[in-house]
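Note sheet for the following structure.
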Amino acid sequence: DFIIDYPLVLIADTSFDITGKIIVKNDTKTGSIDSDAAATPRALTLKASGGIEIQNGNFLGGTQPLSTITVDSSLVLINGSAFTSTTGTVFSSTGGTLSGSGTLAITGKLTNSGSWAFGTDISVTGDVTDTGSWDSSAGKEIIFNGMGAQVFTPKASTTYSKITLNKSSGSFAGNASNELKAGVFTITACPQTVFNGVSTFTSFANTPSTTETITFANNATINSAASFNRPVIISADARIETSSGQTYNGTVTPGANVTF
C-alpha cells in the first residue's frame, strides 16, 4: 500500500500513479491536502491499480483549494470526506466502482464516468455531469447547494433516486441534451429553476415562494403530476403533460405555441 498521511502542501500539479493501493489518511484528524496558496491552485491525481481508499474525515483542498481532483481506480472507497477545488472537475471515477459511507461534500464540479455506488448523500456546489452508471437505490440524494449557476447533465438512461435544490442564490438548469429523470425532485430553495428538454419525476415538491421561479424552456417537456407553488414561466414551444394532474398555485406566464 502507498499511504498519503497529511497535512500535505502541493507546490506543483501532483500525480500519484501506483501499482497497488493508495490510502489517504490523517491520524491527527487535522489539516488537509492543500495547494501552497489560493493564487496557485494545484491539480491532484490519484491513480492506483489496486484501489483507492480515502478514510473518514479527510479533506482535499480544505484550506487552500486544489484546481482539480481526479480519482481513477477499479475500486474507490470514500468515507465522510470533503473535496474543494476552484475550477474543472472535482471528482472523476473512471472505469471503476466508487462506494463509501457518510456525506460526501464537494465544493466545485463533479464528474462521474465510472460506477457510482456511494452509500449516502452527496452535496455539490458546482455542475454535475454523469456519463457512467449511478446506483439509484433509495436514500441516495444529490443536493445542489452552490451560490451560483449549476447545470446538471444526467445520463439519459438513469433515474436518480432523489434530487434536491437548496440554493439561496444562483440558478439550476437541466441540460437539454439528456432526459432528466428522478424518483423525487424537491425544490427547497432556488431563485431560478430551469427545465430544458424532457423531465420526468415520480414525485415533485416545491416550497411556496412568490419570487423564486420555475421555467420550462423552449421545447421543454415535463411528464409529472405536480403542484407548482411558485411562479411558472412557460417558454415558446414547451409541452406540459397534464394527464397525471397538475396544479398551478402561483402566476403562470405562457409563451407562444405551448401545448398542454
Side-chain angles (χ1 to χ4, degrees), residues 1-114 116 118-130 132 142-150 169-170:
D1 294 347
F2 182 83
I3 298 175
I4 303 173
D5 192 350
Y6 59 83
L8 179 65
V9 176
L10 306 183
I11 61 173
D13 293 347
T14 302
S15 178
F16 296 93
D17 191 346
I18 305 300
T19 301
K21 183 178 182 180
I22 293 177
I23 299 175
V24 180
K25 69 173 188 174
N26 183 356
D27 291 335
T28 64
K29 304 301 182 185
T30 60
S32 59
I33 299 178
D34 295 305
S35 300
D36 47 351
T40 54
R42 310 299 186 180
L44 173 64
T45 299
L46 304 176
K47 185 174 183 179
S49 61
I52 297 172
E53 180 179 347
I54 301 176
Q55 295 184 355
N56 190 48
N58 290 290
F59 299 90
L60 307 184
T63 303
Q64 301 291 359
L66 304 172
S67 62
T68 61
I69 302 167
T70 301
V71 179
D72 187 352
S73 181
S74 59
L75 179 64
V76 180
L77 175 65
I78 299 175
N79 292 315
S81 298
F83 298 165
T84 302
S85 80
T86 55
T87 60
T89 299
V90 170
F91 191 88
S92 179
S93 175
T94 305
T97 298
L98 184 144
S99 62
S101 61
T103 298
L104 174 60
I106 295 177
T107 302
K109 299 179 181 179
L110 166 65
T111 296
N112 172 58
S113 54
W116 188 278
F118 206 76
T120 52
D121 299 345
I122 306 107
S123 65
V124 186
T125 67
D127 297 345
V128 175
T129 301
D130 180 25
I142 308 172
I143 303 167
F144 290 84
N145 61 355
M147 300 297 287
Q150 291 183 264
S169 64

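Quick caveat: nothing in here was measured; it's all calculated off a predicted structure.
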For this session: Measure the NZ-OG1 distance between Lys109 and Thr86 for me, rounded to the nearest 0.5 Å.
Result: 10.0 Å
Exercise. Going from CD1 on Ile143 to CG on Asp121, what distance comes out if it is rounded to the nearest 0.5 angstrom?
Worked result: 4.5 Å
Exercise. Could you give the distance from CD1 (Ile22) to CD1 (Ile52), rounded to the nearest 0.5 Å?
Worked result: 5.0 Å
Show me the donor-acceptor pairs within less than 3.5 Å that the side chains of residues 35-46 make with the rest of the protein, sequence neighbours left out.
| unit_1 | atom_1 | unit_2 | atom_2 | d |
| --- | --- | --- | --- | --- |
| Ser35 | OG | Arg42 | N | 2.8 |
| Ser35 | OG | Pro65 | O | 2.8 |
| Asp36 | OD1 | Thr40 | OG1 | 2.8 |
| Asp36 | OD1 | Arg42 | NE | 3.1 |
| Asp36 | OD1 | Arg42 | NH2 | 3.4 |
| Asp36 | OD2 | Arg42 | NH2 | 2.9 |
| Arg42 | NE | Ile11 | O | 3.4 |
| Arg42 | NE | Thr40 | O | 3.3 |
| Arg42 | NH2 | Ile11 | O | 3.1 |

For this session: With sequence neighbours left out, write down each residue that passes side chain to side chain donor-acceptor pair (under 3.5 Å) with Asn145, or none if nothing qualifies.
Result: none
Seminar exercise, completed: Between the OG1 atom in Thr111 and the CG atom in Asp127, the distance rounded to the nearest 0.5 Å is 8.5 Å
Problem set entry | Gap between atom CZ of Phe83 and atom OG1 of Thr68 - 0.5 Å precision | 12.5 Å
For this session: Ignoring hydrogens and angles, tell me if any N or O in the side chain of Gln150 forms a donor-acceptor pair with the backbone of Val124 under 3.5 Å.
Result: yes
Exercise. So, for Gly20 and Ala48, which heavy atoms are closest and what is the spacing to 0.1 Å?
Worked result: O-CB, 3.4 Å
For this session: List in chain and number order the residues that pass side-chain contact (heavy atoms from CB on, under 4.5 Å) with Thr63, two or more places apart in sequence or in another chain; answer none if no residue qualifies.
Result: Ser32, Asp34
Exercise. Sub-3.5 Å donor-acceptor pair from the side chain of Ser73 to the main-chain atoms of Lys47, do we have one?
Worked result: no
Problem set entry | Interatomic spacing from CG in Asp130 to CG in Leu110 - rounded to 0.5 Å | 8.0 Å
For this session: Just grab all the salt bridge (Lys or Arg N to Asp or Glu O under 4.0 Å) pairs involving residues 10-24, residues at least two apart or on different chains.
Result: Lys21-Glu53
